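Everything below concerns the one structure shown next.
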Amino acid sequence: MKKKLLGALLSVAMVATLLVGCGGSSAPATEEAPATEEAAAEEEAPAEEASADATTYKIGVAIYQFDDNFMTLYRNEIESYFASLETDTVKYEVTTVDGKNDMATQTDQIRTFITQGMDAIICNLVQTSSAEVIIDEVVAANIPLILINREPLGDNGDESYAGILDNPSVCYVGADARQSGTFQGEIVLGLENKGDINGDGKVSYVMIVGDPENPDAQYRTEYSIKALNDAGVETECLVEQVGNWATDKGQEIAATALSQHGDAVEVIFCNNDGMALGAAAAIEAAGRTVGEDIYLLGVDALEECQQMVSEGTMTGTVLNDHIGQSHKAVDVTIEALNGNAIDNYYWVDYVMIK
Ligand code: BGC
């Protein structure tokens with residue numbers, strides 16, 4: 001994958017012609033709209049000197065859905081971090097596309113990236129069950145593939161995924177969602193009453209699930225409760241419903257649960273902060289008070305939720321480090337672009353916020 005330019009010997013025009021479709025191309029890039037302002041500025045700059053020695057790498061970034069609080073922070077950071085790493089001789093032309101939460105759309109986008117001759121692809125799968133198709137096509141095109149945020153699971157759910165392990169040019173960069181679930185449970189365990197507000201010997205909870213197909217949702221749902229049970233705390237699930245990571249759904253589910261179960265609801269666990277923001281609004285509308293007669297947990301540590309935790313309107317959240325994860329994804333992409341070996345898995349830790 002190393003692209004040492006033949007630049008010194010060839011004219012800019014010749015280099016551009018020679019390298020079309022086979023990896024790094026000589027700047028300025030011609031065809032696509034650059035994703036960053038820096039890239040735009042670069043394109044407007046006078047063509048010659050700087051560009052003669054510059055290598056431009058084309059990076060395709062496929063996000064499952066732009067309309068997602070957390071993935072918006074994540075994708076913006078990918079773009080700005082790539083831009084910050086540009087030098088006079090190395091440019092990154094990043095094209096980021098919205099899968100609109102539709103796997104068929106995303107598959108088309110990945111195929112387009114392949115025909116566009118992307119040098120590397122970063123993909124946040126819409127459906128992890130479609131990992132194989134995407135991996136096979138990208139590997140066959142000899143393009144490094146960096147999967148992010150949605151981990152394809154192995155056969156028994158606890159094993160690393162063979163499609164990743166078998167391919168040295170494919171990796172997953174993410175955070176172990178078991179850890180975030182465990183932290184949610186531990187935050188409750190750290191409370192004086194361990195979540196048992198009414199003292200009936202068990203914690204009665206509502207679980208608002210992100211997306212049942214997503215391992216982050218599965219593990220957070222399981223491990224938050226497991227942490228309580230492992231510590232000998234009895235639990236009772238009043239409601240478990242899918243909120244698709246979305247604030248409005250979180251609000252709707254929490255409102256219905258609170259009107260159906262009233263004071264019996266002691267803890268609302270949300271698989272992410274987006275849904276917790278909705279649940280917080282429902283809690284307020286129901287006249288309940290977090291920290292007094294109910295507890296509320298999320299994951300991500302969105303800025304507004306960190307603020308709520310410090311004010312006490314949310315019990316706790318878990319930092320899902322989008323900066324650490326996006327930087328790792330970009331660093332690994334660059335390793336691959338430079339022809340260096342990459343690992344199959346890279347993990348970034350969660351951090352408890354209470
Ligand atoms: C985040 C969610 C986000 C989801 C997208 C999760 O890790 O916690 O907020 O919606 O990723 O896949």
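Computed from a predicted model, the values in this text were never measured in an experiment. Just follow the structure's listing: the first ligand is 1, and inside any ligand the first atom is 1.
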Applied to residues 181-193, the side chain to side chain donor-acceptor pair (under 3.5 Å) test, sequence neighbours excluded, yields N193-Y295
Is there a side-chain contact between L125 and E213 (heavy atoms, below 4.5 Å)? no
Please tabulate, line by line, the atom pairs linking an N/O of ligand 1 to a protein N/O at a distance below 3.5 Å, with the distance in Å to 0.1, or answer 'none'.
from, atom 1, to, atom 2, distance (Å)
ligand 1, 7 (O), N149, ND2, 3.2
ligand 1, 7 (O), D216, OD2, 2.6
ligand 1, 7 (O), R220, NH2, 3.2
ligand 1, 7 (O), N320, ND2, 3.1
ligand 1, 8 (O), R220, NH1, 2.8
ligand 1, 8 (O), R220, NH2, 3.4
ligand 1, 8 (O), D300, OD1, 2.6
ligand 1, 8 (O), D300, OD2, 3.4
ligand 1, 8 (O), N320, ND2, 3.3
ligand 1, 9 (O), N272, ND2, 2.9
ligand 1, 9 (O), D300, OD2, 2.5
ligand 1, 10 (O), D68, OD1, 3.3
ligand 1, 10 (O), D68, OD2, 2.5
ligand 1, 11 (O), N149, ND2, 3.0
ligand 1, 12 (O), N149, OD1, 2.6
ligand 1, 12 (O), R150, NE, 2.8
ligand 1, 12 (O), R150, NH2, 3.3
ligand 1, 12 (O), N214, ND2, 3.4

Can a donor-acceptor pair be found between the side chains of S180 and R220 at a distance below 3.5 Å? yes
Pair listing, ring-ring contact (aromatic ring centres under 6.0 Å, His included) test, anchored in residues 245-287, at least two apart: Y205-F269
Quick one: list whatever passes side-chain contact (heavy atoms from CB on, under 4.5 Å) with A141, sequence neighbours left out. I114, I143
Can E222 and Q218 be counted as having a side-chain donor-acceptor contact under 3.5 angstrom? no
